[in-house]
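Take a look at the structure set out below.
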Amino acid sequence: MRNITQHNVTDAVRKSFEAIDDTRLRFLIERLVTAVHGYARDTGLTHEEWRAALDFLNRAAAISNASRSEFTLLSDVLGLSSLVDLLAASPGATEGSVLGPFHSRGSPWVESGASLIKDNPGEPVLLRGRVTDTQGLPIPAATVDFWQNADNGLYWQLDSSQPQDNLRCQLRVQPDATFELMVIRPRPYMVPTDGPIGDLLRVSHRDAWRPAHYHVIVEAPGYRTLVTEIFDAEDPYVAQDAVFGVRESLVADFKPGNDPAVREKYQLAGAYRVVDCPVKLAPAA
Ligand code: BEZ
Ligand code: FE
């Protein structure tokens, strides 16, 4: 089009993408153009504001690397990651929650009933669950991928004092679809604030804290993979997660445990907690 005006520019841009073969991609781009042009119109976006936004994105790119994505964190603090999880929810299945940046593929395989405590300080927690379908039938083919932070609040990737793969594992559930692990009580954790997202949180007077949580990915052939978290009901940040991941159904009581057989099995000198984590998977689409 030769004469672009503010009245025809959005249509002209939309048209420029009409040749995308993939219908879903074409739809997504068309709606993106509509949304960002609508945003500029609604807000009367100025040159200075537009340049500041591009500078923000450039700073996000500059601080990102193979193990850190400031763009994922942007999606997280804007609640977009959480919204995508919520939109993908399957009725009757356990709710999903954010993956976060600290999952690593290929965690060590352990047997159900293993202890991940090793040399970690912290309050011992018996995490136990059963994987079923939405009708409650056991899924003995399920696997569980688990990770958490250490007692100092850090994941092993950010803390050279921890051994590689500290406090993470994969396991196959038992034939009755149950699993258990001896782990430690997780700690609240601050999302990174040394990049542009930190600036955004500060200017908004927002907390960078995430409430203490465990991460799990539960998979089984024929079922939708579940990526979710389990939150500590007693955590002070449970009602103000910086990345909006908390769902009431994922908030767990860390109940006092006092079974001598558990203390004996896991060689615990003192008190421990118990967290029940029933998991329901939806059938694959
Ligand atoms: C986390 O769970 O550790 C996490 C999630 C989102 C952003 C940063 C950290
Ligand atoms: Fe986390």
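Start at 1 with the first residue, then count along the sequence. For ligands, and for the atoms within them, numbers begin at 1 and follow the listed sequence.
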Contacting atoms of ligand 1, where contact means under 4.0 angstrom from a heavy atom of Arg210:
1 (C), 2 (O), 4 (C), 5 (C)
Within the structure, does Tyr189 bring an N/O atom to less than 3.5 angstrom of an N/O atom in ligand 1?
no
By number and element, which atoms of ligand 1 are closer than 4.0 Å to a non-hydrogen atom of Leu73?
7 (C)
Residues forming a ring pair (Phe, Tyr, Trp, His ring centres under 6.0 Å) with Phe102, sequence neighbours excluded
Tyr155, Tyr189
Considering Trp147, Tyr214, Tyr155, Phe244, which one's heavy-atom position lies nearest to atom 3 (O) of ligand 1?
Tyr155
Non-hydrogen atoms of Pro124 and Met182 that approach each other most closely:
CB-SD, 3.9 Å
Starting from atom 7 (C) of ligand 1, find the nearest protein heavy-atom neighbour and note its residue, name and distance.
Asp76 OD2, 3.3 Å
State the CG-CG distance between Leu28 and Leu32, to the nearest 0.5 angstrom.
8.5 Å
So, does Ser204 use its side chain to make a donor-acceptor pair with the main chain of Arg206 at under 3.5 Å?
no
Looking only at N/O atoms, are His213 and ligand 1 under 3.5 Å apart anywhere?
yes
Test item: Asp165 side-chain N/O and Arg168 main-chain N/O as donor-acceptor pair under 3.5 Å
no
I need the protein N, O or S atoms closer than 2.8 Å to the Fe ion (ligand 2), given as residue plus atom name.
Tyr155 OH, His213 NE2, His215 NE2
Check: Ser81 main-chain N/O paired with Ser75 side-chain donor or acceptor under 3.5 Å
yes
State whether a side-chain donor-acceptor pair under 3.5 Å links Ser64 with Glu70.
no
Enter the distance from Ser107:OG to Gln164:CD here, rounded to the nearest 0.5 Å.
9.5 Å
Element-labelled atoms of ligand 1 that are located less than 4.0 Å from some non-hydrogen atom of Phe102
3 (O)
Tell me whether Thr134 contacts the main-chain N or O of Ala93 through its side chain, where contact means a donor paired with an acceptor under 3.5 Å.
no
State the atoms of ligand 1, each with its element, that fall below the 4.0 Å cut-off from a heavy-atom position in Pro101.
4 (C), 5 (C), 6 (C), 7 (C), 8 (C), 9 (C)
How does Leu99 reach ligand 1, by side chain, by backbone, by both or by neither, if only non-hydrogen atoms under 4.0 Å count?
neither
What atoms in ligand 1 come closer than 4.0 Å to a heavy atom of Val191?
7 (C), 8 (C)
In terms of hydrophobic clustering (I, L, V, M, F, W, Y; side-chain heavy atoms under 4.5 Å; direct or indirect links), are Val275 and Val218 co-clustered?
yes
Is there a donor in the side chain of Arg247 and an acceptor in the side chain of Thr94, or the other way round, less than 3.5 Å apart?
no
